Amino acid sequence: MKALHTAATGMMAQELSVEVIANNIANMRTTGFKRQRAEFQDLLYANLRRTGAATSDAGTIVPVGVQIGSGVRTVATPRVMTQGGVTTTERELDLALRGEGFFRVQLPDGRTGYTRDGSFERDAEGNLVTADGYIVEPGITIPGDANSITISAQGQVQAYVGTDTTPTDLGQVDIARFVNKTGLESIGDNLFVETASSGPAQVGVPGDAGYGTLLQGYLEDSNVEAVTEISDMIAAQRAYEMNARVISGADEMLSSTANILR
Amino acid sequence: MENAQIIGLSRQVALRRELDFIANNLANLNTTGFRGESVMFEEYLMPVAEMDSFRQPDRQLSYVLDRGTFHNFDQGNVVTTGAPLDVALQGEGFFVVQAPEGERYTRAGSFAIDNTGTLVTLDGKPVMGEGGTIVFGPDDVDIAIAGDGTISVGGEARDRLRVVEFAQPQLLEKVGENLFSGTGGAPAERTRVMQGALEKSNVTAVAEISRMIEVTRTYETISHLLAKGADLRSKAIEKLGTTNA
(Lines give C-alpha, C1' and ligand atoms only; values in the text may rest on other atoms or scores of the structure.)
Protein backbone atom coordinates (compact mmCIF):
# COMPACT_ATOMS: atom_id res chain seq x y z
CA MET A 1 0.00 0.00 0.00
CA LYS A 2 1.48 3.28 -1.19
CA ALA A 3 -0.07 5.36 1.60
CA LEU A 4 2.17 3.65 4.15
CA HIS A 5 5.35 4.71 2.37
CA THR A 6 4.03 8.16 1.57
CA ALA A 7 3.18 8.78 5.21
CA ALA A 8 6.60 7.45 6.19
CA THR A 9 8.30 10.09 4.01
CA GLY A 10 6.10 12.67 5.72
CA MET A 11 7.15 11.48 9.16
CA MET A 12 10.82 11.52 8.20
CA ALA A 13 10.51 15.06 6.84
CA GLN A 14 8.82 16.32 9.99
CA GLU A 15 11.39 14.56 12.13
CA LEU A 16 14.14 16.39 10.28
CA SER A 17 12.23 19.63 10.68
CA VAL A 18 12.13 19.11 14.47
CA GLU A 19 15.87 18.34 14.45
CA VAL A 20 16.60 21.61 12.66
CA ILE A 21 14.39 23.52 15.10
CA ALA A 22 16.07 21.79 18.06
CA ASN A 23 19.46 22.95 16.80
CA ASN A 24 18.16 26.49 16.35
CA ILE A 25 16.78 26.58 19.88
CA ALA A 26 19.95 25.02 21.31
CA ASN A 27 21.92 27.86 19.68
CA MET A 28 19.54 30.60 20.71
CA ARG A 29 22.25 32.30 22.76
CA THR A 30 25.22 31.46 20.51
CA THR A 31 27.01 34.56 19.29
CA GLY A 32 26.69 35.09 15.55
CA PHE A 33 24.53 31.98 15.02
CA LYS A 34 22.26 32.02 11.98
CA ARG A 35 19.09 29.96 12.14
CA GLN A 36 18.32 27.22 9.65
CA ARG A 37 15.06 26.23 8.13
CA ALA A 38 13.99 22.93 6.56
CA GLU A 39 12.53 23.24 3.06
CA PHE A 40 10.53 20.45 1.47
CA GLN A 41 9.43 19.43 -2.00
CA ASP A 42 6.87 16.93 -3.20
CA LEU A 43 8.13 13.69 -4.77
CA LEU A 44 7.38 12.26 -8.18
CA TYR A 45 3.84 11.67 -9.33
CA ALA A 46 2.51 8.49 -10.87
CA ASN A 47 0.24 9.23 -13.82
CA LEU A 48 -2.55 6.67 -13.70
CA ARG A 49 -4.65 8.52 -16.22
CA ARG A 50 -2.90 11.26 -18.08
CA THR A 51 -4.39 14.71 -18.45
CA GLY A 52 -5.05 15.47 -22.12
CA ALA A 53 -5.22 11.85 -23.30
CA ALA A 54 -7.83 11.23 -25.99
CA THR A 55 -11.10 9.76 -24.77
CA SER A 56 -12.79 9.34 -28.14
CA ASP A 57 -12.22 9.53 -31.86
CA ALA A 58 -14.15 12.78 -31.87
CA GLY A 59 -11.21 14.47 -30.23
CA THR A 60 -12.47 14.74 -26.67
CA ILE A 61 -9.72 14.67 -24.08
CA VAL A 62 -9.35 13.84 -20.41
CA PRO A 63 -9.82 17.17 -18.62
CA VAL A 64 -8.21 16.04 -15.37
CA GLY A 65 -6.13 12.92 -15.02
CA VAL A 66 -5.31 10.78 -12.03
CA GLN A 67 -1.93 11.58 -10.51
CA ILE A 68 -0.85 10.07 -7.24
CA GLY A 69 2.05 11.65 -5.45
CA SER A 70 4.54 9.63 -3.47
CA GLY A 71 5.33 11.91 -0.55
CA VAL A 72 7.82 14.54 0.40
CA ARG A 73 11.56 15.04 0.55
CA THR A 74 13.83 17.57 2.16
CA VAL A 75 15.47 19.72 -0.49
CA ALA A 76 17.60 22.05 1.62
CA THR A 77 18.16 23.44 5.07
CA PRO A 78 19.13 26.98 4.10
CA ARG A 79 20.49 29.35 6.69
CA VAL A 80 18.54 32.53 7.19
CA MET A 81 21.35 35.08 7.03
CA THR A 82 19.52 38.00 8.52
CA GLN A 83 21.15 40.40 10.97
CA GLY A 84 20.96 39.36 14.61
CA GLY A 85 20.50 41.88 17.39
CA VAL A 86 23.58 43.35 19.08
CA THR A 87 24.29 43.31 22.81
CA THR A 88 26.79 45.48 24.57
CA THR A 89 29.58 43.65 26.39
CA GLU A 90 31.95 46.58 26.98
CA ARG A 91 34.94 44.37 26.19
CA GLU A 92 37.31 46.18 23.86
CA LEU A 93 38.03 43.11 21.69
CA ASP A 94 34.38 42.20 21.11
CA LEU A 95 33.23 43.10 17.62
CA ALA A 96 29.78 42.95 16.11
CA LEU A 97 29.24 43.06 12.35
CA ARG A 98 26.42 45.21 11.12
CA GLY A 99 25.46 44.31 7.57
CA GLU A 100 27.17 42.04 5.10
CA GLY A 101 30.41 40.23 5.77
CA PHE A 102 32.27 37.62 7.77
CA PHE A 103 35.46 37.78 9.82
CA ARG A 104 38.24 35.68 8.36
CA VAL A 105 39.86 33.10 10.62
CA GLN A 106 42.97 31.02 9.95
CA LEU A 107 42.08 27.40 10.69
CA PRO A 108 44.73 24.96 12.01
CA ASP A 109 44.39 22.86 8.81
CA GLY A 110 45.43 25.82 6.66
CA ARG A 111 41.98 26.68 5.37
CA THR A 112 40.26 29.97 5.98
CA GLY A 113 37.15 29.92 8.10
CA TYR A 114 34.51 32.62 8.13
CA THR A 115 32.51 33.69 11.15
CA ARG A 116 30.08 36.30 12.40
CA ASP A 117 31.22 35.67 15.97
CA GLY A 118 33.45 38.59 16.92
CA SER A 119 34.34 37.64 20.50
CA PHE A 120 38.09 37.92 20.07
CA GLU A 121 40.95 37.61 22.53
CA ARG A 122 44.68 38.21 22.73
CA ASP A 123 46.91 35.13 22.84
CA ALA A 124 50.31 34.80 24.54
CA GLU A 125 52.09 36.46 21.58
CA GLY A 126 49.61 39.30 21.48
CA ASN A 127 47.87 38.04 18.34
CA LEU A 128 44.21 38.78 17.86
CA VAL A 129 42.57 35.33 18.03
CA THR A 130 39.08 33.85 18.27
CA ALA A 131 37.79 32.26 21.48
CA ASP A 132 39.24 28.97 20.15
CA GLY A 133 42.68 30.53 19.68
CA TYR A 134 42.60 30.68 15.87
CA ILE A 135 44.31 33.73 14.39
CA VAL A 136 42.01 36.38 12.96
CA GLU A 137 43.24 37.34 9.50
CA PRO A 138 45.05 39.34 8.23
CA GLY A 139 46.86 39.03 11.58
CA ILE A 140 47.00 41.82 14.10
CA THR A 141 49.56 41.82 16.91
CA ILE A 142 48.81 43.91 19.93
CA PRO A 143 51.89 44.80 22.01
CA GLY A 144 51.80 43.71 25.64
CA ASP A 145 51.91 47.24 26.97
CA ALA A 146 49.14 48.51 24.73
CA ASN A 147 46.10 49.97 26.39
CA SER A 148 42.85 51.58 25.34
CA ILE A 149 42.53 49.59 22.13
CA THR A 150 40.04 51.13 19.74
CA ILE A 151 38.66 49.46 16.64
CA SER A 152 36.85 51.82 14.32
CA ALA A 153 33.71 51.08 12.34
CA GLN A 154 36.02 50.68 9.31
CA GLY A 155 38.12 48.09 11.12
CA GLN A 156 41.17 50.18 11.92
CA VAL A 157 42.84 48.97 15.12
CA GLN A 158 44.62 51.58 17.23
CA ALA A 159 46.08 51.53 20.73
CA TYR A 160 48.14 53.64 23.07
CA VAL A 161 51.41 51.78 23.50
CA GLY A 162 53.33 52.26 26.72
CA THR A 163 53.32 55.90 27.76
CA ASP A 164 52.65 57.27 24.26
CA THR A 165 50.24 60.15 24.08
CA THR A 166 49.27 59.48 20.47
CA PRO A 167 47.64 56.22 19.37
CA THR A 168 49.61 53.74 17.22
CA ASP A 169 48.06 52.01 14.19
CA LEU A 170 48.17 48.24 14.76
CA GLY A 171 46.47 47.09 11.57
CA GLN A 172 43.24 46.69 9.79
CA VAL A 173 40.55 44.05 10.33
CA ASP A 174 39.10 43.08 6.96
CA ILE A 175 35.97 41.13 6.21
CA ALA A 176 34.85 38.82 3.41
CA ARG A 177 31.59 38.54 1.57
CA PHE A 178 30.15 35.99 -0.82
CA VAL A 179 27.85 36.04 -3.81
CA ASN A 180 25.82 33.25 -2.23
CA LYS A 181 26.41 33.30 1.50
CA THR A 182 23.67 30.71 2.11
CA GLY A 183 25.93 28.32 0.18
CA LEU A 184 28.61 28.39 2.88
CA GLU A 185 29.22 25.15 4.71
CA SER A 186 29.01 25.12 8.50
CA ILE A 187 31.80 23.24 10.22
CA GLY A 188 30.77 23.95 13.81
CA ASP A 189 32.55 26.27 16.26
CA ASN A 190 30.54 29.14 14.70
CA LEU A 191 32.66 28.75 11.57
CA PHE A 192 31.81 28.50 7.91
CA VAL A 193 34.02 27.45 5.01
CA GLU A 194 33.63 28.40 1.38
CA THR A 195 32.18 25.93 -1.11
CA ALA A 196 31.65 25.76 -4.87
CA SER A 197 28.14 27.10 -4.42
CA SER A 198 29.08 30.01 -2.17
CA GLY A 199 31.57 31.34 -4.71
CA PRO A 200 35.00 32.68 -3.73
CA ALA A 201 35.39 35.08 -0.84
CA GLN A 202 35.68 38.76 -1.73
CA VAL A 203 37.77 40.47 0.88
CA GLY A 204 37.20 44.12 1.62
CA VAL A 205 37.41 46.79 4.23
CA PRO A 206 34.39 47.29 6.49
CA GLY A 207 32.37 50.26 5.36
CA ASP A 208 33.18 49.81 1.66
CA ALA A 209 30.21 49.61 -0.71
CA GLY A 210 28.44 46.35 -0.06
CA TYR A 211 30.32 45.58 3.16
CA GLY A 212 29.05 45.97 6.70
CA THR A 213 30.65 47.97 9.47
CA LEU A 214 32.12 46.99 12.83
CA LEU A 215 30.88 47.87 16.27
CA GLN A 216 33.42 47.65 19.08
CA GLY A 217 32.27 46.46 22.49
CA TYR A 218 29.24 44.66 21.13
CA LEU A 219 28.47 41.11 20.04
CA GLU A 220 25.94 39.93 17.50
CA ASP A 221 23.28 37.67 19.02
CA SER A 222 21.86 34.72 17.16
CA ASN A 223 18.95 35.55 14.86
CA VAL A 224 16.79 32.78 16.36
CA GLU A 225 13.39 33.99 17.47
CA ALA A 226 11.90 31.79 20.14
CA VAL A 227 8.30 32.40 19.15
CA THR A 228 8.88 31.47 15.51
CA GLU A 229 10.78 28.33 16.47
CA ILE A 230 8.16 27.17 18.94
CA SER A 231 5.30 27.71 16.51
CA ASP A 232 7.28 25.93 13.77
CA MET A 233 7.88 23.09 16.20
CA ILE A 234 4.20 22.75 17.01
CA ALA A 235 3.38 22.68 13.30
CA ALA A 236 6.03 20.00 12.65
CA GLN A 237 4.93 17.92 15.64
CA ARG A 238 1.27 17.97 14.60
CA ALA A 239 2.13 17.15 11.02
CA TYR A 240 4.16 14.21 12.30
CA GLU A 241 1.21 12.96 14.33
CA MET A 242 -1.12 13.21 11.38
CA ASN A 243 1.24 11.23 9.19
CA ALA A 244 1.39 8.62 11.93
CA ARG A 245 -2.40 8.52 11.87
CA VAL A 246 -2.31 7.82 8.13
CA ILE A 247 -0.04 4.85 8.79
CA SER A 248 -2.42 3.43 11.39
CA GLY A 249 -5.35 4.13 9.03
CA ALA A 250 -3.67 2.22 6.23
CA ASP A 251 -2.82 -0.53 8.69
CA GLU A 252 -6.49 -0.79 9.74
CA MET A 253 -7.54 -1.08 6.12
CA LEU A 254 -5.01 -3.81 5.46
CA SER A 255 -5.98 -5.74 8.55
CA SER A 256 -9.68 -5.56 7.69
CA THR A 257 -8.81 -7.06 4.30
CA ALA A 258 -6.78 -9.77 5.95
CA ASN A 259 -9.69 -10.55 8.25
CA ILE A 260 -12.22 -11.23 5.51
CA LEU A 261 -11.16 -14.83 5.50
CA ARG A 262 -10.73 -16.27 8.93
CA MET B 1 -23.48 -14.28 -6.86
CA GLU B 2 -20.01 -12.82 -7.05
CA ASN B 3 -21.28 -9.43 -8.17
CA ALA B 4 -21.44 -8.12 -4.62
CA GLN B 5 -17.85 -9.16 -4.12
CA ILE B 6 -16.59 -7.58 -7.31
CA ILE B 7 -18.43 -4.32 -6.82
CA GLY B 8 -17.21 -4.18 -3.24
CA LEU B 9 -13.70 -4.77 -4.49
CA SER B 10 -13.94 -1.90 -6.98
CA ARG B 11 -14.88 0.41 -4.12
CA GLN B 12 -12.05 -0.87 -1.98
CA VAL B 13 -9.49 -0.28 -4.71
CA ALA B 14 -10.82 3.26 -5.10
CA LEU B 15 -10.66 3.84 -1.35
CA ARG B 16 -7.06 2.69 -1.21
CA ARG B 17 -6.25 5.18 -3.92
CA GLU B 18 -8.01 7.89 -2.00
CA LEU B 19 -5.92 7.08 1.06
CA ASP B 20 -2.81 7.40 -1.10
CA PHE B 21 -3.90 10.94 -1.94
CA ILE B 22 -4.59 11.79 1.68
CA ALA B 23 -1.18 10.39 2.63
CA ASN B 24 0.52 12.55 0.00
CA ASN B 25 -1.38 15.65 1.10
CA LEU B 26 -0.48 15.09 4.74
CA ALA B 27 3.15 14.25 3.94
CA ASN B 28 3.32 17.67 2.29
CA LEU B 29 1.58 19.52 5.09
CA ASN B 30 4.62 21.74 5.61
CA THR B 31 5.89 21.86 2.03
CA THR B 32 6.21 25.43 0.78
CA GLY B 33 3.78 26.22 -2.03
CA PHE B 34 2.28 22.72 -2.10
CA ARG B 35 -1.20 22.40 -3.62
CA GLY B 36 -3.45 19.70 -2.19
CA GLU B 37 -5.32 17.25 -4.33
CA SER B 38 -8.52 15.34 -4.10
CA VAL B 39 -9.76 12.47 -6.18
CA MET B 40 -13.01 12.34 -8.11
CA PHE B 41 -15.03 9.16 -8.46
CA GLU B 42 -17.46 8.15 -11.10
CA GLU B 43 -20.04 5.43 -11.41
CA TYR B 44 -19.17 2.90 -14.04
CA LEU B 45 -22.16 1.05 -15.41
CA MET B 46 -21.29 -2.45 -16.45
CA PRO B 47 -22.63 -3.11 -19.90
CA VAL B 48 -24.47 -6.36 -19.25
CA ALA B 49 -26.15 -8.53 -21.79
CA GLU B 50 -29.72 -7.68 -20.98
CA MET B 51 -32.38 -10.25 -21.04
CA ASP B 52 -35.86 -8.94 -20.32
CA SER B 53 -37.90 -12.01 -20.97
CA PHE B 54 -37.69 -12.97 -17.29
CA ARG B 55 -40.14 -11.51 -14.88
CA GLN B 56 -37.31 -9.61 -13.23
CA PRO B 57 -35.01 -8.02 -15.75
CA ASP B 58 -31.23 -8.09 -15.25
CA ARG B 59 -30.16 -5.34 -13.00
CA GLN B 60 -27.41 -3.04 -14.00
CA LEU B 61 -24.21 -3.23 -12.03
CA SER B 62 -22.37 -0.07 -11.18
CA TYR B 63 -18.73 -0.05 -10.21
CA VAL B 64 -16.63 2.73 -8.78
CA LEU B 65 -13.93 4.30 -10.87
CA ASP B 66 -11.54 7.09 -10.00
CA ARG B 67 -11.73 9.43 -12.91
CA GLY B 68 -9.46 12.30 -12.09
CA THR B 69 -7.50 14.26 -9.55
CA PHE B 70 -8.60 17.70 -8.71
CA HIS B 71 -5.91 20.22 -7.77
CA ASN B 72 -6.92 22.51 -4.99
CA PHE B 73 -5.63 25.95 -5.97
CA ASP B 74 -6.85 27.81 -2.90
CA GLN B 75 -4.43 30.29 -1.39
CA GLY B 76 -2.19 28.77 1.28
CA ASN B 77 -1.29 30.58 4.47
CA VAL B 78 1.39 33.22 4.03
CA VAL B 79 3.99 33.40 6.77
CA THR B 80 6.61 36.10 7.04
CA THR B 81 10.20 34.92 7.15
CA GLY B 82 12.01 38.22 6.69
CA ALA B 83 14.50 36.69 4.24
CA PRO B 84 14.87 39.00 1.19
CA LEU B 85 14.75 36.15 -1.32
CA ASP B 86 11.59 34.56 0.04
CA VAL B 87 8.61 35.59 -2.05
CA ALA B 88 4.98 34.59 -1.73
CA LEU B 89 2.32 34.88 -4.39
CA GLN B 90 -1.13 36.18 -3.63
CA GLY B 91 -3.56 35.26 -6.35
CA GLU B 92 -3.61 32.52 -8.92
CA GLY B 93 -0.24 33.04 -10.60
CA PHE B 94 2.88 30.90 -10.71
CA PHE B 95 6.60 31.66 -10.83
CA VAL B 96 8.39 30.42 -13.93
CA VAL B 97 11.38 28.15 -13.38
CA GLN B 98 13.83 26.87 -15.98
CA ALA B 99 14.07 23.11 -15.46
CA PRO B 100 16.29 20.93 -17.68
CA GLU B 101 13.14 19.67 -19.43
CA GLY B 102 11.83 23.17 -20.13
CA GLU B 103 9.78 25.79 -18.38
CA ARG B 104 8.03 24.70 -15.24
CA TYR B 105 5.78 26.58 -12.87
CA THR B 106 5.84 26.77 -9.10
CA ARG B 107 4.17 28.48 -6.17
CA ALA B 108 7.15 27.84 -3.88
CA GLY B 109 9.00 31.14 -3.66
CA SER B 110 11.94 30.25 -1.44
CA PHE B 111 14.77 31.34 -3.69
CA ALA B 112 18.51 31.67 -3.30
CA ILE B 113 21.45 33.09 -5.21
CA ASP B 114 23.96 30.58 -6.55
CA ASN B 115 27.72 30.96 -7.03
CA THR B 116 27.26 32.69 -10.39
CA GLY B 117 24.86 35.21 -8.85
CA THR B 118 21.81 33.73 -10.56
CA LEU B 119 18.48 33.68 -8.74
CA VAL B 120 17.60 30.00 -8.35
CA THR B 121 15.19 27.74 -6.49
CA LEU B 122 16.60 25.84 -3.55
CA ASP B 123 17.49 22.91 -5.81
CA GLY B 124 19.35 25.15 -8.24
CA LYS B 125 16.86 25.74 -11.06
CA PRO B 126 17.04 29.30 -12.43
CA VAL B 127 14.03 31.51 -11.73
CA MET B 128 12.91 33.39 -14.82
CA GLY B 129 12.43 37.13 -15.09
CA GLU B 130 10.87 39.03 -17.98
CA GLY B 131 14.37 39.26 -19.49
CA GLY B 132 15.50 35.66 -18.95
CA THR B 133 17.43 34.49 -15.93
CA ILE B 134 18.01 37.02 -13.17
CA VAL B 135 21.67 37.60 -12.32
CA PHE B 136 23.03 39.67 -9.48
CA GLY B 137 26.54 41.04 -9.25
CA PRO B 138 28.81 40.47 -6.25
CA ASP B 139 28.27 44.02 -5.00
CA ASP B 140 24.50 43.98 -5.18
CA VAL B 141 22.93 44.55 -1.80
CA ASP B 142 19.45 45.57 -0.70
CA ILE B 143 17.54 43.46 -3.18
CA ALA B 144 13.94 44.62 -3.11
CA ILE B 145 11.02 42.93 -4.85
CA ALA B 146 7.92 45.04 -5.35
CA GLY B 147 4.29 43.93 -5.40
CA ASP B 148 4.26 43.61 -9.18
CA GLY B 149 7.43 41.51 -9.15
CA THR B 150 9.86 44.27 -10.07
CA ILE B 151 13.30 43.51 -8.68
CA SER B 152 15.38 46.50 -7.76
CA VAL B 153 18.90 46.64 -6.43
CA GLY B 154 19.81 49.67 -4.36
CA GLY B 155 16.70 51.47 -5.59
CA GLU B 156 17.41 50.81 -9.26
CA ALA B 157 15.00 48.57 -11.20
CA ARG B 158 16.78 45.51 -12.58
CA ASP B 159 14.24 43.03 -13.89
CA ARG B 160 10.80 41.73 -13.13
CA LEU B 161 9.87 38.27 -11.90
CA ARG B 162 7.85 36.43 -14.49
CA VAL B 163 4.53 35.43 -13.00
CA VAL B 164 2.01 33.61 -15.18
CA GLU B 165 -1.63 32.74 -14.79
CA PHE B 166 -3.49 29.91 -16.48
CA ALA B 167 -6.99 30.06 -17.89
CA GLN B 168 -7.44 26.38 -17.00
CA PRO B 169 -5.15 25.61 -14.06
CA GLN B 170 -6.74 22.18 -13.65
CA LEU B 171 -4.93 21.11 -16.81
CA LEU B 172 -1.57 21.60 -15.12
CA GLU B 173 0.29 18.47 -14.26
CA LYS B 174 2.38 17.96 -11.16
CA VAL B 175 5.92 16.82 -11.85
CA GLY B 176 7.29 16.75 -8.30
CA GLU B 177 9.86 19.12 -6.77
CA ASN B 178 7.01 21.59 -6.20
CA LEU B 179 6.76 22.08 -9.96
CA PHE B 180 3.87 22.01 -12.40
CA SER B 181 4.07 21.56 -16.14
CA GLY B 182 1.52 22.83 -18.59
CA THR B 183 0.85 25.17 -21.44
CA GLY B 184 -1.02 28.39 -21.99
CA GLY B 185 0.53 30.58 -19.31
CA ALA B 186 -0.29 34.25 -19.78
CA PRO B 187 1.34 37.16 -17.90
CA ALA B 188 -0.37 37.50 -14.55
CA GLU B 189 -2.75 40.36 -14.00
CA ARG B 190 -4.35 39.56 -10.70
CA THR B 191 -1.39 38.15 -8.77
CA ARG B 192 0.67 40.10 -6.30
CA VAL B 193 4.16 39.30 -5.08
CA MET B 194 5.13 39.66 -1.43
CA GLN B 195 8.78 39.83 -0.42
CA GLY B 196 9.97 38.34 2.88
CA ALA B 197 7.15 35.84 3.07
CA LEU B 198 6.47 32.27 2.02
CA GLU B 199 3.24 30.59 1.09
CA LYS B 200 2.77 27.38 3.04
CA SER B 201 0.97 24.30 1.80
CA ASN B 202 -2.79 24.76 1.32
CA VAL B 203 -3.62 21.35 2.79
CA THR B 204 -6.06 21.62 5.70
CA ALA B 205 -5.06 18.96 8.18
CA VAL B 206 -8.49 18.63 9.81
CA ALA B 207 -10.24 18.02 6.51
CA GLU B 208 -7.66 15.42 5.48
CA ILE B 209 -7.86 13.55 8.76
CA SER B 210 -11.66 13.45 8.69
CA ARG B 211 -11.53 12.25 5.10
CA MET B 212 -9.13 9.57 6.19
CA ILE B 213 -11.43 8.40 8.98
CA GLU B 214 -14.23 8.22 6.45
CA VAL B 215 -12.07 6.22 4.05
CA THR B 216 -10.85 3.70 6.62
CA ARG B 217 -14.34 3.18 8.08
CA THR B 218 -15.95 2.74 4.68
CA TYR B 219 -13.24 0.30 3.76
CA GLU B 220 -13.96 -1.72 6.90
CA THR B 221 -17.68 -1.74 6.22
CA ILE B 222 -17.07 -3.12 2.76
CA SER B 223 -14.68 -5.70 4.18
CA HIS B 224 -17.50 -6.82 6.49
CA LEU B 225 -19.83 -6.94 3.54
CA LEU B 226 -17.39 -9.09 1.62
CA ALA B 227 -16.93 -11.37 4.62
CA LYS B 228 -20.72 -11.73 4.92
CA GLY B 229 -20.91 -12.55 1.23
CA ALA B 230 -18.26 -15.22 1.61
CA ASP B 231 -20.12 -16.65 4.64
CA LEU B 232 -23.35 -16.76 2.71
CA ARG B 233 -21.70 -18.63 -0.08
CA SER B 234 -19.99 -21.17 2.11
CA LYS B 235 -23.25 -21.80 3.98
CA ALA B 236 -25.10 -22.25 0.71
CA ILE B 237 -22.55 -24.77 -0.46
CA GLU B 238 -22.77 -26.57 2.88
CA LYS B 239 -26.58 -26.72 2.94
CA LEU B 240 -27.35 -27.26 -0.70
CA GLY B 241 -24.37 -29.43 -1.38
CA THR B 242 -25.15 -32.04 1.28
CA THR B 243 -26.45 -35.16 -0.36
CA ASN B 244 -28.29 -37.69 1.68
CA ALA B 245 -26.79 -40.92 0.66
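Within every chain, numbering begins at 1; the chains are lettered A, B, ... in the order of the sequence lines, protein sequences first and strands thereafter. Worth saying up front: this structure is predicted, and the values here are computed from it rather than measured.
One finds the CD1 atom of B/Ile113 at 12.5 Å from the OG atom of A/Ser197 (value rounded to the nearest 0.5 Å).
Residue contact with chain A, scored on non-hydrogen atoms closer than 4.5 Å, involves the backbone and the side chain of B/Leu26 alike. Residue contact with chain A, scored on non-hydrogen atoms closer than 4.5 Å, is absent for B/Asn25. At a 4.5 Å heavy-atom cutoff, the contact between A/Ala250 and chain B is made by backbone and side-chain atoms alike. Residue contact with chain A, scored on non-hydrogen atoms closer than 4.5 Å, is absent for B/Val39. Neither the backbone nor the side chain of A/Glu225 comes within less than 4.5 Å of any heavy atom in chain B. When heavy atoms are compared at a cutoff of 4.5 Å, B/Ala108 does not approach chain A at all. At a 4.5 Å heavy-atom cutoff, the contact between A/Thr82 and chain B is made by side-chain atoms alone. Proximity to chain A (any heavy atom under 4.5 Å) is restricted, for B/His71, to the side chain, taken from C-beta onward. Contact of B/Leu198 with chain A is made through the side chain alone, with heavy-atom distances under 4.5 Å. Proximity to chain B is limited to the backbone of A/Leu43, based on heavy atoms less than 4.5 angstrom apart. A/Ser70 touches chain B through its backbone: at least one of N, CA, C or O sits under 4.5 Å from a heavy atom, while the side chain does not. Only the side chain of B/Glu37 comes within contact range of chain A, with at least one heavy atom under 4.5 Å from a heavy atom of that chain.
When each of B/Thr32, B/Thr121, B/Asn30 is paired with A/Glu39, the side chain to side chain donor-acceptor pair (under 3.5 Å) condition holds for B/Thr32 and for no other.
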Under the side-chain contact (heavy atoms from CB on, under 4.5 Å) rule, what do A/Met253 and B/Arg16 come out as? Steps first, then yes or no, please. CA-CA 8 Å; A/Met253 278 167 71; B/Arg16 277 184 175 216; 4.0 Å; yes
Could you go step by step and tell me if B/Glu177 and A/Val75 meet the side-chain contact (heavy atoms from CB on, under 4.5 Å) rule? CA-CA 8 Å; B/Glu177 299 172 336; A/Val75 57; over 6 Å; no
Are B/Leu85 and A/Met81 close enough, and set up right, to give a side-chain contact (heavy atoms from CB on, under 4.5 Å), and what steps lead you there? CA-CA 11 Å; B/Leu85 295 178; A/Met81 291 285 191; over 6 Å; no
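Two residues are said to be in side-chain contact when any heavy atoms from C-beta on lie closer than 4.5 Å; B/Asp123 and A/Arg73 meet this criterion. The closest side-chain heavy-atom distance from B/Phe21 to A/Val66 is below 4.5 Å. With a 4.5 Å cut-off on side-chain heavy atoms, B/His224 and A/Ser256 do not count as touching. Between B/Asn115 and A/Val179 the shortest side-chain heavy-atom distance does not fall below 4.5 Å. Between B/Arg217 and A/Glu252, the closest side-chain pair of non-hydrogen atoms falls below 4.5 Å.
Using a 3.5 Å distance cut-off with no hydrogens or angles, the side chains of A/Thr257 and B/Gln12 do not pair a donor with an acceptor. For the residue pair A/Asn47 / B/Glu173, a side-chain donor-acceptor distance below 3.5 Å is found, with atom types taken as modelled.
Shortest non-hydrogen contact noted between A/Ala76 and B/Leu122 is CB-CB, 4.2 Å. In plain terms, the two heavy atoms of B/Ala205 and A/Met242 that are nearest each other are CB-SD, 3.1 Å. Taking both residues in full, the closest heavy atoms of B/Gly176 and A/Asp42 are given as C-OD1, 3.4 Å, listed atom of the first, atom of the second, then distance.
Side chain of A/Gln67 to main chain of B/Lys174: a donor-acceptor pair is present (N/O by atom type, distance under 3.5 Å, no hydrogens or angles). At least one donor-acceptor pair closer than 3.5 Å links the side chain of B/Asn178 to the backbone N or O of A/Phe40.
Within a 6.0 Å radius of CD in B/Glu156, other residues, nucleotides and ligands contribute 12 heavy atoms or fewer.
Chain B forms the most heavy-atom pairs under 4.5 Å with one residue out of A/Ala196, A/Ser255, A/Pro200, and that residue is A/Ala196.
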